[in-house]
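The sequence lines fix the lettering, A, B, ..., with proteins before strands; numbering per chain opens at 1.
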Amino acid sequence: MGIKGLTKLLNDEAPGCIKEAELSSYTGRKVAIDASMALYQFIIAIRSGSEGFAAQVLTNEQGEITSHIQGIFNRTIRMLTNGIKPVYVFDGKPPTLKSGELAKRMARRQEAQSKLEAAESVEDKEKYGKRLTRVTRKHSEDAMKLLRLMGVPVVQAPCEAEAQCAELARAGKVWATGTEDMDALCFRTPKLLRRLTFGAANKQPVMEVDYQKAIDGLGLTYEQFVDLCILCGCDYTDTIKGIGPKTALKLVRTHGSIANVVRSLDKKKYQVPAGWIKGSNPAPSAKPDEATEGEDGLEGEGASNKENSEKNESAPPESDEKKKAEDAEKADDA
DNA sequence: ACTCTGGGTCAAGACGCT
DNA sequence: TGACCCAGAGT
DNA sequence: AGCGTCC
């Protein structure tokens, strides 16, 4: 996923929305985390790197992967001891809008598959092996079980995890979304935290993005911001050749909406992909049942964040969210 | 000359001992 | 996937 | 900081 070049664009055009802070300044906060994303990173990264052989994931006696368990266990412990309260959100059914992108991924997957079979060198084998890595249903269930046993709240999202994270944040159930993926901003998470890790070799500070300051800084409404993201290139649509972040921002500012932008484009110069955005913008509303209500202005989260520390009521936030989402169908990979 | 896009690359966790 | 670098196209 | 280990 991800919006191509959004970080850089925000840095250039709305610098006020990004700030860096020490981990300690987040103690006491609840943070929603996209679990599938984390699991994927762990499975990619946690390997026994024997020299001369392709690095292997950790497994149990049955040959089942355990890297994700190592990873999520350590990280969660680390967060808890640092006073951060994670809420892990698991993906549900992928939105149908995304099917195009998913098909592309499948194609890339198969390409990697065949390249792996043809691979000679250790490096190639490793490279293509990693490219084949996926988070399966089983991995998610392992993680859920572990987290429940640890007493850490788990949420099953009806659809995309990032969307549910943002929704939890908007509802004040958590203070922020912790992710590397800027998509969460499109779902209006009031705060987005990047690099929320606690490695002993503490590399870089936490990066905090404020949603309200971001759209204010860009001078856009929420709808325009979504339009901008679509133009920049996201998971839901193809892009228009020749239009990147900079010009996309310029165009949206000038024309007000994506529909107007498309209308005013010189079609000879820019090829608009077939079947592109019709009239109204299809905001990636990823919560079929949940997010549609409560569309009204939910002010005050972004600006007056300091007071929110008291928002952490003693009860874990999972109870009602979970119920609603429990029956949602899950994506599974064959 | 400058700005931007696009296509390539690479790396991707966390611990504890030294 | 995202960050980065470099090449090339466009302004 | 670097490096081996985690299964």
Discussion item. Using the C1' atom as the point on both nucleotides, what is the distance between dT18(B) and dC7(D), in whole Å?
Written reply: 24 Å
Worksheet entry | d(CG, Leu9(A); P, dC4(B)) in whole Å | 10 Å
Worksheet item: Starting at CE of Met37(A) and ending at C1' of dG2(C), how long is that distance when rounded to a whole Å?
Response: 11 Å
Fill in: C1' atoms of dT9(B) and dC6(D), separation to the nearest Å
29 Å
Response to the item:
Interatomic distance, CD1@Ile3(A) vs CG@Leu185(A), rounded to 0.5 Å, equals 9.0 Å
Worksheet item: Does anything in residues 106-151 of chain A pair up under ring-ring contact (aromatic ring centres under 6.0 Å, His included), and if so which pairs, sequence neighbours excluded?
Response: His68(A)-His139(A)
Response to the item:
Nearest heavy-atom contact between Pro86(A) and Val152(A) is O-CG1, 3.5 Å
Worksheet entry | P-based separation of dA11(B) from dC3(D) [nearest Å] | 15 Å
Discussion item. Taking ring-ring contact (aromatic ring centres under 6.0 Å, His included) as the cut-off, I'd like each qualifying pair that reaches into residues 141-173 of chain A, sequence neighbours left out, listed once.
Written reply: none
Discussion item. Expressed as a whole number of angstroms, how long is the span from Leu251(A):CG to dT11(C):P?
Written reply: 12 Å
Worksheet entry | All side chain to side chain donor-acceptor pair (under 3.5 Å) counterparts of Lys125(A), not counting sequence neighbours | none
Item to complete: Pick the P atom in dG13(B) and in dC4(C), then give their distance to the nearest Å.
Response: 15 Å
Worksheet item: In whole angstroms, how far is the P atom of dA3(C) from the CE atom of Met207(A)?
Response: 8 Å
Worksheet item: According to the ring-ring contact (aromatic ring centres under 6.0 Å, His included) rule, which pairs have a member within residues 92-125 of chain A, sequence neighbours left out?
Response: none
Worksheet item: ring-ring contact (aromatic ring centres under 6.0 Å, His included): which pairs involve residues 18-39 of chain A, sequence neighbours left out?
Response: Tyr26(A)-Trp175(A)
Worksheet, complete the sentence: From CG of Asp181(A) across to C1' of dG2(C) the rounded distance in Å is 10 Å
Practice prompt. Look at the side-chain N and O atoms of Thr7(A) and state whether any lies under 4.0 Å from the OP1 or OP2 oxygen of dA3(C).
Written response: yes
Fill in: Separation of atom NZ in Lys246(A) from atom C1' in dC2(B), rounded to whole Å
12 Å
Discussion item. For a quick test of reading the model: is some side-chain N or O of Arg134(A) closer than 4.0 Å to OP1 or OP2 of dT1(C)?
Written reply: no
Item to complete: Measure the distance from CD on Gln56(A) to P on dG4(D) and round it to the nearest whole Å.
Response: 18 Å
Worksheet item: What integer distance in Å separates Leu6(A):CG from dT5(B):P?
Response: 13 Å
Worksheet item: Using a cut-off of 4.0 Å on non-hydrogen atoms, how would the nucleic acid contact of Thr59(A) be classed: base, sugar-phosphate, or nothing?
Response: base
Discussion item. Across nucleotides 6-18 of chain B, 5' to 3', mark each nucleotide with B, S or - according to how protein heavy atoms within less than 4.0 Å reach it.
Written reply: SS----BBSS---
Item to complete: Rounded to whole angstrom, note down the C1' distance from dA14(B) over to dA3(C).
Response: 22 Å
